[in-house]
Amino acid sequence: VKDKLKEKAESLPKKPGVYLFKNGRGKIIYIGKARLLNERVKSYFQPSDDLKVQNILAETDDIDYILTDSEREAAFLENNLVQQHQPKFNLRLKDDKSFPYLKVTVRERFPRIAFSRKVENDGARYFGPFSPASDARRALHLVGRFFRVRNCDEAIPGKRKRPCLEYDLELCSAPCTGEIGENDYREGVAGALLFLEGKTPQLTKILTEKMNAAVRTQDFEEAARWRDILRALDQIKIKPKMISVRLEDEDIFGYARQGPNQAVYVFRMRQGKVRESREYLFEEEANRPGAEILSEFIMAYYRKSDIPGRILVSMVPSDKSGLEQVLAEKAKRKVVVALPIRGKNKLLIILAGRNAERLLEQKGEDLPELREIQEILRLPALPSRIEGFDVSNTGATETVASLVVFKNGRPNKNEYRKYKIKTVAGPNDVASLEEVIKRRYSRVMREGGPLPDLVLVDGGKPQLKAASKSLVELGLKKIPLVSLAKKKEIVFVPDRQEGLKLEGTSPALKLFQHVRDEAHRFAVKFHRQRRSRRSFE
Ligand code: SF4
């Protein structure tokens, strides 16, 4: 079991996220967060004297994970999941950790701002969670400094004769002793809310108007105060992310597909917190529209699940209003299906979508052709991303080239690229290939795109040598490279004199041929387009 777990740990992505150790009954016994899942989880398998680690491993039967956008989001999610599942090895963590919120008691006549360790359904507005906790203290101080909103729980009107020190420090406008009227105080509260919501442009507009009004009435002290706040606002960015503070119930559906393979990743958010994630992999006809599949999936999903008020989706499902109606009838209240375009919900959708893509990638890892290629070429990882090149120049003065991308053994046409050869005069396959590979990967490096797990070029040893030369020049010698010669179907690899002759039935050879033929087809198509355009001209 340990070997299996270790292997799984090694296959985790080098991305931020939360990892879950589960026992034989599928119960979560430990939850952790990581900046790089792969590195962190692997570290559990290093020899260690830590009794806790030994105990965790002794009971672990499986490791699962959820990808997040950043380590910070991973920390929030970890905190949520720990509270929800209370894993036995996290108990200490559960007591230690709770991210603070700021609460504004908007229902009171003279609202106040205060720290809170939890969100309650008490009509107040909550902001956060703040991490590190010092951000909450800073935000509280700024609300006092900018908007003079009180942070005490003094009764108003009360018995106080004089304001407290906060007033002298210009951190409160002292409604307790009537130094400010209700309307003016409420204006300050409205500004504080905009500030905490991160609605800086809106707030800037209001404050600029106030500043200009103060200038008009020659109240230069007041104008200078607004000017200072405007300047400070420009530099402060308070953006609590990931966990909502409105206690809403939402389900978030991330959807991804690759040919017939479909993946849906669902976050269940209850009372404003991500309580659970669920994942689904299934097959559908490759040419069925995704919107239709998603609509059907959601309908089927709620046959067994409780229906929240809002359902967020990464793609608008077909017949959205029909779907909302059916779900509303079932839930006996309004149900909204929405595609978020900004803010926290957009982030959650991106996160769910990314996890759905990861499910597809994992499925791809089961492909026998990828396993066989990895073994034959002794690759460090499965060739989940293969990029194939071909050059076309038959019977014309102009040479073109193609790039095709295969993800998990399937063509991903969105990533195909065409090239007009610029530096090579006349038909010269080898030099053209050298140019196009150099152009492709210098751009990928410049723009930070993904590098392939394997490059395949159409041709024999000369083409292989040209491609290798370009990769070496770019410092990408480590990218595995093969060429596949036509007719004899021999696979050439750098540093090996002899080519590899694979069995005609070999799944690896079939995939190589598919990549090569697809690159050839795409290059020829581009070539024909160019030719017919020229003839037309
Ligand atoms: S000045 Fe009055 S309202 Fe402001 S913090 Fe002090 S006691 Fe509270």
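In what follows, residues are counted from 1 in the order of the sequence shown. Here the structure is a predicted model, which is why all the values come from computation and not from measurement.
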Which atom pair, heavy atoms only, marks the closest approach of [X] to [Y]?
X: Ile307; Y: Leu327; result: CD1-O, 3.8 Å
X: Ile373; Y: Pro383; result: CG2-CG, 3.8 Å
X: Ile376; Y: Ala508; result: CD1-CB, 3.9 Å
X: Met445; Y: Leu476; result: SD-CD2, 3.8 Å
X: Gly254; Y: Ala356; result: O-CB, 3.6 Å
X: Gly409; Y: Leu511; result: O-CD1, 3.7 Å

So, using side-chain contact (heavy atoms from CB on, under 4.5 Å) as the criterion, who are the partners of [X] when residues are at least two apart?
X: Ser314; value: Tyr255, Ile349
X: Pro494; value: Leu464, Leu481
X: Arg385; value: Glu387, Val405, Lys407, Glu415, Arg440, Pro450, Asp453
X: Ala338; value: Arg310, Leu312, Val336

Any side-chain heavy atom of [X] sitting closer than 4.5 Å to one from [Y]?
X: Thr60; Y: Tyr30; value: no
X: Leu484; Y: Glu489; value: yes
X: Leu456; Y: Arg516; value: yes
X: Glu39; Y: Lys14; value: yes
X: Asp251; Y: Arg268; value: yes
X: Asn428; Y: Thr399; value: no
X: Arg521; Y: Asp517; value: no
X: Pro452; Y: Ile479; value: yes

Quiz prompt | Check ion pair Lys4-Glu7 (N to O, under 4.0 angstrom) | solution = no
Self-check item: Carboxylate-amine/guanidinium contact Glu324 Lys320, below 4.0 Å
Solution: yes
Only counting residues at least two apart or in another chain, list the ones meeting side chain to side chain donor-acceptor pair (under 3.5 Å) with [X].
X: Glu296; result: Arg288
X: Lys8; result: Asp62
X: Gln463; result: none
X: Gln325; result: none

Quiz item: Applying the salt bridge (Lys or Arg N to Asp or Glu O under 4.0 Å) test to Glu59, which of Lys27, Arg25, Lys88 qualifies?
Solution: Lys88
Practice problem: Could you walk me through whether Lys422 and Glu435 pass the salt bridge (Lys or Arg N to Asp or Glu O under 4.0 Å) test, one step at a time? | Solution: CA-CA 8 Å; Lys422 293 175 181 168; Glu435 175 193 316; over 6 Å; no
Quiz item: Tell me the ring pair (Phe, Tyr, Trp, His ring centres under 6.0 Å) pairs involving residues 35-59, sequence neighbours left out?
Solution: Tyr19-Tyr44, Phe21-Tyr44
Practice problem: Using the ring pair (Phe, Tyr, Trp, His ring centres under 6.0 Å) rule, collect all pairs that involve residues 460-500, keeping only residues at least two apart or in two chains. | Solution: none
Practice problem: Decide if the gap between the ring center of Phe253 and the ring center of Tyr301 is smaller than 6.0 angstrom. | Solution: yes
Quiz item: Does the side chain to side chain contact (heavy atoms under 4.5 Å, CB included) test come out yes or no for Phe526 and Lys420, once each step is laid out?
Solution: CA-CA 9 Å; Phe526 182 40; Lys420 280 188 270 171; 4.2 Å; yes
Nearest 0.5 Å, please: how far is [atom2] in [Y] from [atom1] in [X]?
X: Leu377; Y: Phe512; atom1: CG; atom2: CZ; answer: 5.0 Å
X: Ser432; Y: Asp390; atom1: OG; atom2: CG; answer: 10.5 Å
X: Ile437; Y: Leu474; atom1: CD1; atom2: CG; answer: 9.5 Å
X: Ser470; Y: Lys465; atom1: OG; atom2: NZ; answer: 13.0 Å
X: Asn408; Y: Ile386; atom1: CG; atom2: CD1; answer: 9.5 Å
X: Ile63; Y: Leu37; atom1: CD1; atom2: CG; answer: 10.5 Å

Quiz item: NZ of Lys501: more than 12 outside heavy atoms within 6.0 angstrom?
Solution: yes
Exercise. Could you name each residue pair satisfying side chain to side chain donor-acceptor pair (under 3.5 Å) that touches residues 502-511, not counting sequence neighbours?
Key: Glu372-Ser506
Quiz item: What pairs with Lys461 under salt bridge (Lys or Arg N to Asp or Glu O under 4.0 Å), at least two apart in sequence or on another chain?
Solution: none
Practice problem: Show your working on side chain to side chain contact (heavy atoms under 4.5 Å, CB included) between Val326 and Tyr302 and close with a plain yes or no. | Solution: CA-CA 10 Å; Val326 173; Tyr302 288 114; over 6 Å; no
